[in-house]
Structures are given as structure tokens and as C-alpha cells.
Amino acid sequence: MPLALDAIDRPVIKAWLKESDEAALDALWQRADEVRRACVGHAVHLRGLIEITNHCVRHCTYCGIAACTGPLQRYRMTMDEILTCARQGRDFGFGTMVLQGGQDPGVTGAFVADVVRTIKHETGAAITLSLGERDDDELRAWREAGADRYLLRFETSDPVLYGRIHPNLPGTVSDRFAQLLRMREMGYEIGTGVMVGIPGQTWDTLADDIWAFRDYDMDMIGIGPYLPSRRTPLAGALGQELAAAPGEQVPNDELTTLKAIALTRLVCPDTNIPSTTALSILDPAFGRANGLCRGANVIMPNLTPPEYRLLYEIYPGKAAVHETAEALVDGAVSLITVLGRTIGRGPGGRLKP
Ligand code: 5AD
């Protein structure tokens with residue numbers, strides 16, 4: 001019997017994730033695209049990504065800029081450098097700027113508040129922050145300064161796996177969910193996400209992750225494949241130790257990532273979902289387009305200056321230093337046009353029915 005596409009529950013999500021029949025999957029892709037069109041429309045929102053610091057105090061075992069990653073030149077962008085990028089984003093017509101970075105106490109609460117106020121004043125754009133786990137006082141001050149949204153992926157809903165891939169992290173996955181909910185209380189739109197195919201992620205885990213997106217009614221959900229990053233523990237012995245049995249381990253491939261995106265669209269119909277950079281790295285020719293045709297409605301072109309982008313390689317290939325911001329934006333705009341979609345105007349926040 002074909003799998004359900006209506007009233008999807010957790011066991012059905014798991015069964016869809018494991019589905020390999022092409023005709024069945026065509027029905028999933030089609031339904032995800034219909035739900036996307038009905039609930040968030042034709043617009044693809046462009047968010048200008050500015051990677052403001054590659055310093056990080058965390059030891060996330062998958063991440064190329066984690067504190068413990070071998071010799072790496074570290075940088076923090078100045079106010080002027082950040083503003084130059086934000087102005088460029090404004091000139092491209094972007095309705096949102098995303099300030100992302102490692103968890104870096106050297107980027108102080110006061111500095112971020114100042115940056116948020118200045119960008120807001122100069123560009124009028126919505127501002128998304130993605131700066132790790134910070135104190136509630138700072139988060140509140142940033143919100144008061146004008147920040148609109150906050151991204152903090154929970155990475156996996158399995159508490160044991162979460163602990164293994166985040167050693168030295170004071171805090172559990174429940175703490176991370178609690179922080180997301182506190183940020184929502186502060187008035188932020190909240191975003192989260194996971195990587196597909198991290199060692200130790202089983203079909204049950206990924207189904208639970210997708211179910212958690214729905215349970216927590218997330219406003220934004222980023223899903224990309226796990227790409228092993230040189231010199232990180234998860235790319236080496238730790239990954240081998242954690243890998244689930246064959247048949248149980250979720251592969252870190254494009255098909256599984258696309259299934260996760262499509263299913264997320266079905267269970268969170270009006271959420272904002274980016275077609276992620278990690279997906280486009282796995283499949284440079286079609287990854288981005290495939291994401292947009294199977295549930296995604298956001299692209300985040302990178303505005304970080306090339307000399308810093310080079311140093312923000314959280315996974316291999318991410319830096320794309322040969323492409324200028326103009327080329328990245330041109331590529332995104334032509335893709336959106338070819339797909340018969342439109343460029344989103346305005347802040348592009350979540351439109352709840
Ligand atoms: N492969 C894919 N995604 C990664 N991230 C970090 N490291 C990797 C990797 N090796 C993702 C995490 C993080 C986001 C900023 O990038 O999910 O939250």
C-alpha cells in the first residue's frame with residue numbers, strides 16, 4: 001500500500017525516509033512542492049549571509065571552525081566591514097541580513113547590539129542572528145536593538161548522540177530546546193535544523209528530529225547533509241565509533257536530505273526552509289534547484305568578503321572563494337527565474353495563517 005501523504009505521523013515519516021521506489025518518491029516531491037506553493041507561495045527569499053567571526057569556544061566534533069580544530073587563522077570583522085557587506089545586501093534588494101559566527105565571547109553583547117541597530121537603521125532589513133548559545137541578557141538586548149530572528153540548530157534530538165558529538169558542552173539538547181523557546185518568548189522568530197547522515201544518526205533519530213520541528217512549531221528549519229570536515233574527530237575515529245549498524249545508519253547523501261526537506265515541508269507547511277549551501281556542495285549542478293523544488297523557499301547568498309570566507313570553512317568546499325557576492329546573487333536570481341519562481345520582497349518572515 002502506498003505511504004500516506006496526509007495526516008503524516010512519526011512512523012510514516014520514518015517509512016518515507018527509507019522509501020526507495022522512484023514513483024512513490026515522485027508523489028512525495030510533488031506533494032511537498034504543492035504544499036510549499038499553497039502555504040508560502042512562489043517567492044524565494046534571499047537572505048544576505050555575513051560570517052562575522054570564526055572564533056569559537058565550542059568543541060563541536062563535526063565543525064571545521066571548532067575551538068579544537070588544528071591551526072586556523074582566526075578573524076573578527078569590524079563594524080565597518082560588516083556594514084559594507086550589509087550595504088551590499090541592501091543594494092541587491094535583500095530583505096534580511098543574517099549575522100552568523102562561531103560562539104565567540106570576543107564579539108561582545110554590546111558590539112552586536114550596536115551592529116544590529118546600525119544595520120537596521122541604514123538598510124531597514126530584518127536581522128537574523130546565529131551566534132551560538134548566548135546569555136539571556138544579551139539575547140534580550142539584541143532583540144531590543146532590533147534583531148528579528150535567531151538560528152540555533154539542535155543538530156540531533158537524540159540526547160545521547162548530542163552528548164557524544166558535543167563533548168565539553170555544558171548543556172544538553174533539552175537545554176538547547178529550552179533556549180529556543182525562551183528566545184521565542186523574547187519575541188524572536190526561531191530557527192533550527194539538523195545535519196543529515198551524521199555518524200550515529202538512525203532512521204528513528206531523523207524521524208524524531210523532523211517530528212521535533214513540528215512539535216516546537218519552528219519558524220525556520222535548515223537541513224543539509226553532513227559533510228565530513230578535515231581534522232575533526234567526527235570525520236575520524238569518533239565517526240567510526242559512533243556509526244550505526246549498516247541499514248540503520250542514515251546516509252549523508254542528497255536523496256536522503258531531499259526527503260528530509262520534503263517531509264519537513266509537509267509537517268511544517270508554513271515554515272521558512274532554505275535550500276542549503278551544504279546541499280549545493282554535494283550536488284553543485286542541481287542541489288540548490290532540487291531543494292527549491294522539493295519544499296524549500298529560501299536561499300542565503302554569502303556576502304562575507306572572500307578573505308574571510310576562506311577561513312570560515314565549517315565543512316569542505318563551503319568557502320567558494322572563487323565566486324564573488326555578485327556572481328552568487330546572479331546565480332541565485334537566474335535559478336529562481338528559470339524555476340518560474342519570483343524573488344521575495346520585504347522581510348520575508350514567517351506568515352502564519
Ligand atoms: N557538515 C555539514 N554541516 C555542518 N555544520 C557544521 N559542521 C558541518 C559539517 N561538517 C552545520 C551545523 C551548524 C551549521 C552552522 O552548520 O548544523 O549548526
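Whatever order the structure lists ligands and atoms in, that order sets their numbers, starting from 1. No hydrogens, no waters, no symmetry mates; every other heavy atom, side chains included, goes into these values. Nothing here was measured: the structure is a model prediction, and the numbers come from that model. Along the sequence shown, residues carry numbers from 1.
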Between ligand 1 and the protein, which N/O pairs fall short of 3.5 Å?
| residue | atom | partner | partner atom | Å |
| --- | --- | --- | --- | --- |
| ligand 1 | 1 (N) | Leu227 | N | 2.9 |
| ligand 1 | 1 (N) | Leu227 | O | 3.4 |
| ligand 1 | 10 (N) | Tyr62 | O | 2.9 |
| ligand 1 | 10 (N) | Leu227 | O | 2.7 |
| ligand 1 | 17 (O) | Arg153 | NH1 | 2.8 |
| ligand 1 | 17 (O) | Glu155 | OE1 | 2.6 |
| ligand 1 | 17 (O) | Glu155 | OE2 | 3.3 |
| ligand 1 | 18 (O) | Glu155 | OE2 | 2.5 |

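Judged as a ring pair (Phe, Tyr, Trp, His ring centres under 6.0 Å), and not counting sequence neighbours, the contacts of His166 are Tyr62, Tyr162. Residues satisfying the side chain to side chain donor-acceptor pair (under 3.5 Å) test with Thr123, not counting sequence neighbours, are none.
Side-chain contact check for Asn290 versus Leu279: every heavy-atom pair is 4.5 Å or farther apart. Considering only heavy atoms from C-beta on, Trp211 comes within 4.5 Å of Ile13 through its side chain.
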Which atom pairs, one a donor and one an acceptor, fall under 3.5 Å between side chains of residues 89-97 and the rest of the protein, sequence neighbours left out?
| residue | atom | partner | partner atom | Å |
| --- | --- | --- | --- | --- |
| Arg90 | NH1 | Glu122 | O | 3.4 |
| Thr96 | OG1 | Arg47 | NH1 | 3.4 |
| Thr96 | OG1 | Arg149 | NH1 | 3.0 |
| Thr96 | OG1 | Pro347 | O | 2.9 |

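Of the candidates Asn302, Leu328, Asp330, Leu328 is the only one forming a side-chain contact (heavy atoms from CB on, under 4.5 Å) with Glu323.
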